[in-house]
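Numbers restart at 1 for each chain; the letters A, B, ... are given by sequence-line order, proteins then strands. These numbers come from the heavy atoms of this one structure, side chains and all, not from hydrogens, waters or symmetry mates.
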Amino acid sequence: MDANKKINFFEQVHQIVRQIPEGRVTSYGAIARALGTAGSSRMVGYAMRAAPTANPPIPAHRVVNRVGMLSGKMAFGSPTLMQQLLENEGVMIANDKVVDFKKVFWDPQLNDDEQ
DNA sequence: GTGGTGACGTATA
DNA sequence: GTATACGCCACCA
């Protein structure tokens, strides 16, 4: 069924986000590239918006934009919830941005062993 | 079926 | 280096 393929897209994004290790974050573009939909980073963000509706819910707070800014913090119900969750995992946040984003960045295209 | 919107990213001026 | 424009394509009205 063609309709299944659309659902697969969301599932793919959810699967990758679920693979993000604790204390690590990734960017929408990186996920988009891992899915082969490079350039359509917006669709990744759209899929993340459905994160709380997914089952089981996915750690969408580990996904930030290219500059490490918590662009989707508003989607958590509280503009500080995303920051709190990240800080709880050891990720420091400053001015709604990830500190040492380069260090905590996790590439979905790499294997966990590589990390 | 059509139009508008959007948790972004890249290109160009 | 900063500012603005455009594209990407799935979802909602």
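What separates NZ of A/K73 from P of B/dG6 is a distance of 17 Å, to the nearest Å. Whole-Å rounding puts the A/M74 CE to B/dT5 P distance at 19 Å. In this structure, OH of A/Y28 is placed 8 Å from P of B/dG9, rounded to the nearest angstrom. Between the C1' atom of C/dC8 and the CZ atom of A/R33 lies a distance of 13 Å, rounded to the nearest Å. To the nearest angstrom, P of B/dC8 lies 12 Å from CG of A/L70. For the pair A/I31 CD1 and B/dA7 P, the computed distance is 15 Å after rounding to whole Å. Regarding A/H14, its NE2 atom lies at a distance of 12 Å from the C1' atom of C/dA10, rounded to whole Å. Rounded to a whole Å, the CG atom of A/N65 is 11 Å from the P atom of B/dT10.
The two residues A/M82 and A/G72 have their closest heavy-atom pair at SD-C, 4.0 Å.
Here the side chain of A/Y46 is nearest to one of B/dA7, B/dG9, C/dA10, namely C/dA10. Side-chain proximity of A/M48 to B/dA7, C/dC8, B/dT10: nearest is B/dA7. Each of B/dC8, B/dG9, C/dC9 was ranked by its minimum atom distance to the side chain of A/M43; first place goes to C/dC9. Checked against B/dG6, B/dC8, C/dC11, the side chain of A/S41 finds its nearest nucleotide in B/dC8.
Within the 4.5 Å cutoff, no side-chain heavy atoms of A/I16 are placed close to those of A/V44.
Across all strands shown, C/dC8 forms no Watson-Crick or G-U wobble pair with both key distances under 3.5 Å. When both distances must be under 3.5 Å, the Watson-Crick or G-U wobble mate of B/dA13 is C/dT2.
Note on A/S27: every side-chain N or O is 4.0 Å or more away from OP1 and OP2 of B/dC8.
As rounded to the nearest Å, B/dA7 and C/dA3 have P atoms that lie 22 Å from one another.
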- Trace of the side-chain hydrogen bond (donor to acceptor under 3.5 Å, both in side chains) decision for A/H61 with A/Q84: CA-CA 9 Å; A/H61 61 271; A/Q84 291 292 313; over 6 Å; no
- Message: What verdict does the side chain to side chain contact (heavy atoms under 4.5 Å, CB included) test give for A/L70 and A/V98, after you've listed the backbone C-alpha separation in whole Å, the side-chain angles of each residue and the deciding distance to 0.1 Å?
- Response: CA-CA 8 Å; A/L70 311 183; A/V98 178; 4.1 Å; yes
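Counting only distance, with no hydrogens or angles, the side chain of A/T37 and the backbone of A/A32 share a donor-acceptor pair below 3.5 Å.
In the interface, the side chain of A/R42 is not paired with the base of B/dG9 through any donor and acceptor atom under 3.5 Å apart.
Looking at heavy-atom distances under 4.0 Å, A/A47 makes no contact with the nucleic acid at all.
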